[in-house]
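Some notes on the structure that comes next.
All values below come from the heavy atoms of this structure, side chains included, with hydrogens, waters and symmetry mates left out.
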Amino acid sequence: MAAGSLAVVRVANDSHARLGAEIILRTVAANDLADEVAPSQLHEVYNHSVLGGVLAEAARQEADLLVVARHHSLLGSFFHRSITAQLFEQSPIPMLALPVSD
């Protein structure tokens, strides 16, 4: 059985500015999303569409599983067309959504 690999990807766009490696790695650690993430496993990309950026990066990396980690607010729960919901509808690969704290 082949070992898996992990890539942490954050998509920035005009509404979501780049955060930088340090903040992203701190968020991964604070939410116990991975034991350890090397800088080579971290990718912050820009795409005008977060949805399009996630799907494009998953395809570029030939991912077998898409794990989405994001926080949800009470207000956000009222919107049925969230990016996460759209990913579940459009992702050509299996997907897992995990909640994270701020």
Side-chain angles (χ1 to χ4, degrees):
M1 178 178 230
S5 62
L6 171 70
V8 175
V9 176
R10 181 178 184 279
V11 178
N13 67 7
D14 294 337
S15 299
H16 302 89
R18 290 184 183 267
L19 295 177
E22 185 177 317
I23 293 172
I24 296 168
L25 293 175
R26 215 176 322 146
T27 301
V28 169
N31 288 281
D32 295 321
L33 296 173
D35 291 334
E36 188 174 320
V37 177
S40 62
Q41 294 173 283
L42 179 61
H43 309 273
E44 189 169 25
V45 299
Y46 176 87
N47 191 299
H48 69 280
S49 160
V50 172
L51 174 67
V54 170
L55 294 175
E57 190 64 15
R60 187 188 74 76
Q61 294 195 26
E62 300 178 356
D64 296 319
L65 175 67
L66 180 60
V67 178
V68 177
R70 49 180 297 164
H71 65 91
H72 290 281
S73 66
L74 178 60
L75 181 61
S77 67
F78 293 116
F79 296 100
H80 299 290
R81 298 298 300 169
S82 71
I83 293 170
T84 304
Q86 291 176 50
L87 280 168
F88 271 112
E89 292 173 357
Q90 297 181 29
S91 178
I93 59 176
M95 188 175 137
L96 172 66
L98 299 174
V100 298
S101 59
D102 290 332

Test item: Leu66 and Leu87 side chains (from C-beta on) under 4.5 Å apart, heavy atoms: yes
pair Thr84-Met95: side-chain heavy atoms closer than 4.5 Å: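 Thr84 vs Met95: side chains touch.
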Inter- and intrachain pairs under side-chain hydrogen bond (donor to acceptor under 3.5 Å, both in side chains), touching residues 45-59, at least two apart: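 Pairs touching residues 45-59 that pass the test: Asp14-Tyr46, Glu57-Arg60, Glu57-Gln61.
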Reference residue Val11; test side-chain contact (heavy atoms from CB on, under 4.5 Å); the match among Val54, Ile83, Leu51: Val54
Verdict with reasoning, Val37 to Leu6, per side-chain contact (heavy atoms from CB on, under 4.5 Å): CA-CA 8 Å; Val37 177; Leu6 171 70; 4.1 Å; yes
Residues in side-chain hydrogen bond (donor to acceptor under 3.5 Å, both in side chains) contact with Asp64, at least two apart in sequence or another chain: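 Asp64: no side-chain hydrogen bond (donor to acceptor under 3.5 Å, both in side chains) contacts found.
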Closest contact, heavy atoms only, Ala38 versus Gln41: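 Scanning both residues, the minimum pair turns out to be N-OE1, 2.7 Å.
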Residues in side chain to side chain contact (heavy atoms under 4.5 Å, CB included) contact with Ala21, at least two apart in sequence or another chain: Leu42
Side-chain donor/acceptor of Glu44 to backbone N/O of Leu19, under 3.5 Å: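 Here the side-chain-to-backbone pair exists.
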